[in-house]
S.K.: 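Could you have a look at this structure, given as structure tokens, before my questions?
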Protein chains: 2
Amino acid sequence: MIPSSETVGSTGPGRPRDPGVNRAILKAALRQLAEDGYSRMSMDAVASEAGVTKPTVYRRWSSKADLATAALAELQGAEPIPSTGSAPSDLKTILAALQKTLFRPNGMAIIGAVMVEERHTPELITLFRERVVHPRRLLLREVLESAEAGGALRAGADLDAAVNMLIGSFYAHYLTGDKMPRTWARRIVDTVWKGIAKPGRHRRATRR
Amino acid sequence: MIPSSETVGSTGPGRPRDPGVNRAILKAALRQLAEDGYSRMSMDAVASEAGVTKPTVYRRWSSKADLATAALAELQGAEPIPSTGSAPSDLKTILAALQKTLFRPNGMAIIGAVMVEERHTPELITLFRERVVHPRRLLLREVLESAEAGGALRAGADLDAAVNMLIGSFYAHYLTGDKMPRTWARRIVDTVWKGIAKPGRHRRATRR
DNA sequence: GTATAATTACTATACCGTATCGTAAAGGAA
DNA sequence: TTCCTTTACGATACGGTATAGTAATTATAC
């Protein structure tokens, strides 16, 4: 497996590799994977978009699957946010960021791409889960666990259900084809929060 | 556009069409579309799987996109259920049926297939939305609207948010790669219900 | 000069859509 | 009943395009 970043400096005889080539290739690969899916992504087109030739690509990645996997490994799922002490507020911030990501060009398309490829190139969805799905969920779950530990949640509140509904509502909305309201994150958090918060504790949800 | 079902009886001179050929082709096309995606589905493979030759397929559908569209048009989103008078109960029944559908082989894969193809063959996701997405949502929404009209929901309960969370939680769960508990529908409905029901009205949710 | 990168050209294969030929099957006319 | 016309079907082949991956040659950096 070729390192995803170019090697640092010259390490031996012969022509050194251009430092920007790996990045350009990975960028092109990720874009095409997201927009066109794995099957339609082509090594010719990736090379062309990256401004190199195909053998140049093959010198770094042994196959199409290898390159697609490396491109996906460049993805980052989510960035931690500073805690405000208010769980609903933090959830909204996280989901607002998610909304931005998903509704950027190709934000949702990558999901379709890894899903459709699950049977043929399963390493793609595996990587996507590691890099994107689980980090996102972890962020949300941490907020909820803190709220729970702080006594803000009703007994038996189902955190898994909550996390999946928070994230999944965006997917479901996307599938409707309707325009996503800017208020969507707030609406979702408000509804979920009412379902899991301790009764009588709606506006003042402290985390630990 | 060729009718999706074979014509009824003989309508003119010449050899009549085999009544099972259309069905076999559509079945094969839908399976391949779901499992392999549109790009990887091939007319050669569909014809072969259906036990016919390519010209036979082309006699009925003018192009690959045409066939894929027709295959998708065979999909049905959801079947109405008899109302029990209890909204949570009805929601659970609907979602349990959805769970069965999604977690059947290829249940989720078709979603990935239409998503990844959105830019290239948008008629696929358009049809999927008409045939599957909107009917499913309508079923859930109707239950919720009845409950609202019956006074079971809190003022300002966000039905759109609820519907998207109910459905979307399955998608999000699928993306985790975890095994889906049999209790998932119940857990989701319970959590959503607590978020939208009139306070103090948790177990006795009457519809109109 | 040496080793590696990059370029150009190539092979093998798959696929879409179409054309052709021979046979099958139905209805209608003689 | 036989023959003719029409349409369907299987089998095969074809043209054109696209693509993964590779070989041979030229260029470049140290």
Side-chain angles (χ1 to χ4, degrees), chain A residues 1-3 5-25 28-29 32-33 35-71 117 120-121 123-124, chain B residues 1-3 5-26 28-29 32-33 35-71 117 120-121 124:
Chain A
M1 175 60 164
I2 314 289
S5 305
E6 66 269 17
T7 55
V8 180
S10 314
T11 56
R15 181 179 173 175
R17 284 180 171 176
D18 186 322
V21 165
N22 281 35
R23 277 195 304 269
I25 294 170
Q32 286 191 33
L33 184 57
E35 282 199 19
D36 302 319
Y38 178 81
S39 191
R40 219 188 228 107
M41 159 183 146
S42 85
M43 300 301 269
D44 266 311
V46 168
S48 181
E49 182 172 332
V52 300
T53 60
K54 247 192 331 187
T56 303
V57 178
Y58 278 102
R59 258 195 296 283
R60 291 161 169 76
W61 293 283
S62 62
S63 66
K64 183 177 172 178
D66 199 21
L67 174 59
T69 302
E117 208 55 37
H120 291 268
T121 323
E123 54 266 33
L124 296 182
Chain B
M1 174 63 158
I2 314 292
S5 305
E6 67 269 19
T7 55
V8 181
S10 312
T11 58
R15 181 178 172 176
R17 284 185 166 168
D18 186 322
V21 164
N22 281 36
R23 279 195 303 269
I25 294 171
L26 288 171
Q32 285 192 32
L33 183 57
E35 284 197 19
D36 303 319
Y38 177 80
S39 191
R40 222 191 227 108
M41 157 181 147
S42 87
M43 300 301 270
D44 271 308
V46 168
S48 181
E49 182 172 330
V52 302
T53 59
K54 249 192 331 185
T56 302
V57 177
Y58 278 103
R59 261 197 293 278
R60 290 162 170 75
W61 294 283
S62 62
S63 66
K64 184 177 170 179
D66 199 18
L67 175 59
T69 302
E117 206 57 35
H120 292 269
T121 323
L124 296 182

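When reading the values below, keep in mind they use all heavy atoms of this one structure, side chains included, and skip hydrogens, waters and symmetry mates. Lettering follows sequence order; numbering is per chain, from 1.
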S.K.: Does OP1 or OP2 of D/dA20 have a side-chain N or O of A/S63 closer than 4.0 Å?
M.R.: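 The answer is no; no side-chain N or O of A/S63 sits under 4.0 Å from OP1 or OP2.
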
S.K.: For B/V46, run the side-chain contact (heavy atoms from CB on, under 4.5 Å) check against B/L26, B/V52, B/L67 and tell me which one passes.
M.R.: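 Single pass found, and it is B/L67.
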
S.K.: When the distance from CG of A/L67 to P of D/dT19 is rounded to whole Å, what number comes out?
M.R.: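 Value for this atom pair: 15 Å.
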
S.K.: At less than 4.0 Å, is any side-chain N or O atom of A/T53 found next to OP1 or OP2 of C/dT7? Yes or no.
M.R.: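 The answer is yes; a side-chain N or O of A/T53 sits under 4.0 Å from OP1 or OP2.
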
S.K.: For the pair A/R40 and A/E35, find out whether any cationic side-chain nitrogen is under 4.0 Å from an anionic carboxylate oxygen.
M.R.: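 Judged by the 4.0 Å cut-off on N to carboxylate O distance, A/R40 and A/E35 do not form a salt bridge.
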
S.K.: Please report the closest heavy-atom contact between A/T121 and A/Y38, naming both atoms and the distance.
M.R.: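 Answer, listing the atom of A/T121 first, then A/Y38: OG1-CE2, 3.6 Å.
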
S.K.: For the pair made of OH in A/Y38 and P in D/dT19, what is the distance, rounded to whole Å?
M.R.: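 Atom OH in A/Y38 sits about 14 Å away from atom P in D/dT19.
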
S.K.: To the nearest angstrom, how far is B/D36 atom CG from C/dA14 atom C1'?
M.R.: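 Between C1' of C/dA14 and CG of B/D36: 14 Å.
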
S.K.: How long is the span from the OG atom in A/S39 to the CE atom in B/M41, to the nearest 0.5 Å?
M.R.: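 Answer rounded to 0.5 Å: 12.5 Å.
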
S.K.: Let me know, please, whether B/T56 or A/D44 comes out on the 5' side of the other along DNA chain D by nearest nucleotide.
M.R.: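 The residue mapped nearer the 5' terminus is B/T56.
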
S.K.: On DNA chain C, nearest-nucleotide positions of B/S42 versus B/R15: which is more 5'?
M.R.: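 Taking each residue's closest nucleotide, the earlier one in sequence belongs to B/S42.
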
S.K.: Rounded to whole Å, how long is the line connecting atom CG of A/D18 with atom C1' of C/dT4?
M.R.: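 So the two atoms are 13 Å apart, to the nearest Å.
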
S.K.: Can you measure B/K64 atom NZ to D/dT17 atom P for me and round it to whole angstrom units?
M.R.: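 In whole Å, D/dT17 P and B/K64 NZ are 18 Å from each other.
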
S.K.: Rounded to whole Å, please give me the gap between CE in B/M43 and P in D/dC14.
M.R.: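 After rounding, the reported distance stands at 22 Å.
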
S.K.: Whole angstrom is fine here: how far is it from CZ in A/R17 over to P in C/dA3?
M.R.: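 My rounded result for the distance is 17 Å.
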
S.K.: Any side-chain N or O of B/R59 less than 4.0 Å from the OP1 or OP2 oxygen of D/dT7?
M.R.: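 So the side chain of B/R59 is outside the cut-off, no N or O lying under 4.0 Å from OP1 or OP2 of D/dT7.
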
S.K.: Once hydrogens and angles are ignored, does a donor-acceptor distance under 3.5 Å link the base of C/dG17 to the side chain of B/K54?
M.R.: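 Donor-acceptor pair under 3.5 Å: yes.
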
S.K.: What's the spacing between B/T53 OG1 and B/R59 CZ if we round to 0.5 Å?
M.R.: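 Between B/T53 OG1 and B/R59 CZ, I get 6.5 Å after rounding to 0.5 Å.
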
S.K.: Quick one: label A/G51 by what it contacts on the DNA or RNA (base, sugar-phosphate, nothing), any heavy atom closer than 4.0 Å.
M.R.: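 Nothing, no heavy atom under 4.0 Å.
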
S.K.: Specify the residue among B/A45 and A/V52 whose closest nucleotide of DNA chain C lies further upstream toward the 5′ end.
M.R.: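 By nearest-heavy-atom nucleotide position, the 5'-most residue is A/V52.
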
S.K.: With respect to the side chain of B/P55, which nucleotide from C/dA19, D/dG21, D/dC9 is positioned closest?
M.R.: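 Closest nucleotide among those given: C/dA19.
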
S.K.: To the nearest Å, give me how far apart OH (A/Y58) and P (D/dA23) are.
M.R.: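 From A/Y58 OH to D/dA23 P: 13 Å.
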
